[in-house]
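What follows is a set of notes on a single structure, which appears directly below.
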Amino acid sequence: MKQTITKNFLLVVLALAVVFAFAMKATVFQQSTPASAPPAAAPPNPAFAGYWFAGKAELNHYRLQQAQYGVLNPGEAVLIFVTEDFRTDKQVKAETDESRDKAIPVLKTNMSKKFVTGIYDYSLFTSVFTPINNPSFPNTLKVSTSAQEWCGHSYLQANYRNNGYEISGKSYFEKEVDEAYTIDKVWFEDELWNRIRLNPDKLPTGEVRLVPGTMTARLRHTTLEPLLAKTKVDAYEGVLYPGKLLRAYTIQYPTDDRTLMIVFESTFPHKIVGWEETYRSKDALLTSRAVLTKTIQNDYWKHNAPADSTLRAELMK
């Protein structure tokens, strides 16, 4: 009798152990494959790191002719490229040690255009933040543009969230006074300047959907929306732009009657030597054009004293 009780007790314990193991998914056959860690960003090659992570920005000055009000207006443009740590949660530059664990390296474009129309002037500024070779963050995270002229000013911003872009805007114009909408996850025309600098061989070609440039959208008072574009990369055969072994990246919007061509050096660091943008302004089909005049590398944020004006004179000449 005692042996029977002991034997049954052991069988009951074994059965309970098997049931518990299945309930907890503890058997060899039930254990799921551990979730793989997010892919890490590949380290940059030495040439890229030596140029872009040396603690300086690349500053480029251009002679500009900008279409507005049916004519070409003289002005100047500046393109600034610099790397920085960018928070992916708040989508802003990381400025404290505590926030850098939430940040990734990005390449930032700052583009400035200033031109005069008759008695008054325009000032346009765009910033674009594109992660550097990061599989976990392949999309540009943020684009922002501001415009100032004597009638008033406006602001436009796109943030990458929830597998799309949230657009917000404010303006002194009535129809643009308070904008808030979402668009699909597509390439921005504004990020292509960064993409050229990162790796022009990976530029989108053929028929693609693009969000047209935000500066042009503000000048033309159009809503940001993806449009079909025809894109290609060719050797540049003209003589208007400085440099050697130049290539031209052309973006044509058939439904918008607008074309942008960005001319850049085929060799690293793929400096952008100019661009042309053609569209209708009033009743005239005009081509805006920017031609590079000077490039310097400088940690400009450290040079804000009156004596540093010599550096500005060197860039703007």
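All values below were derived from every heavy atom in this structure, side-chain atoms included, with hydrogens, water molecules and symmetry-related copies excluded. Just so it is clear, the model here is predicted, and its values are computed rather than measured. This chain uses plain numbering: 1 for the first residue, then up along the sequence.
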Given the options Q66, K114, R63, H61, E76 meets side chain to side chain donor-acceptor pair (under 3.5 Å) only with H61
F268 and H270 aromatic ring geometry - parallel, tilted or perpendicular at 30°/60° bounds: perpendicular
Q65 meets the side-chain hydrogen bond (donor to acceptor under 3.5 Å, both in side chains) criterion, sequence neighbours left out, with none
Could you tell me whether R87 and D89 have a side-chain N and a carboxylate O separated by less than 4.0 Å? yes
R218 vs E176, test: salt bridge (Lys or Arg N to Asp or Glu O under 4.0 Å). Steps then yes/no. CA-CA 9 Å; R218 274 315 192 206; E176 304 165 356; 3.4 Å; yes
Take Y172 and H153 through the ring pair (Phe, Tyr, Trp, His ring centres under 6.0 Å) test and state the conclusion after the steps. CA-CA 6 Å; Y172 65 93; H153 59 95; 7.4 Å; no
Sequence neighbours excluded, the answer for side-chain contact (heavy atoms from CB on, under 4.5 Å) partners of L245 is S266, T267
Identify, with sequence neighbours excluded, every residue that meets ring-ring contact (aromatic ring centres under 6.0 Å, His included) alongside Y160. Y165
Is P200 close to V233 at the side-chain level, that is, under 4.5 Å between some pair of heavy atoms? no
Under 3.5 Å, side-chain donor or acceptor atoms of residues 234-242 against the rest of the protein: list the pairs with distances, not counting sequence neighbours.
from, atom 1, to, atom 2, distance (Å)
Y236, OH, L240, N, 3.3
Y241, OH, W275, O, 3.3
Y241, OH, E276, OE2, 3.1

Any residue meeting side-chain contact (heavy atoms from CB on, under 4.5 Å) with T96, in chain and number order, not counting sequence neighbours: E98, S99
Go through the structure and list residues passing salt bridge (charged side-chain N to carboxylate O under 4.0 Å, His left out) with R209, not counting sequence neighbours. D184
Between D299 and K56, does any NZ, NE, NH1 or NH2 come within less than 4.0 Å of an OD or OE carboxylate oxygen? no
Is the cationic atom of R197 (NZ for Lys, CZ for Arg) positioned less than 6.0 Å from the six-membered ring centroid of F81 and within 45 degrees of its normal? yes
Just checking, is any N or O donor in the side chain of Q148 or S146 under 3.5 Å from an acceptor N or O on the other one? yes
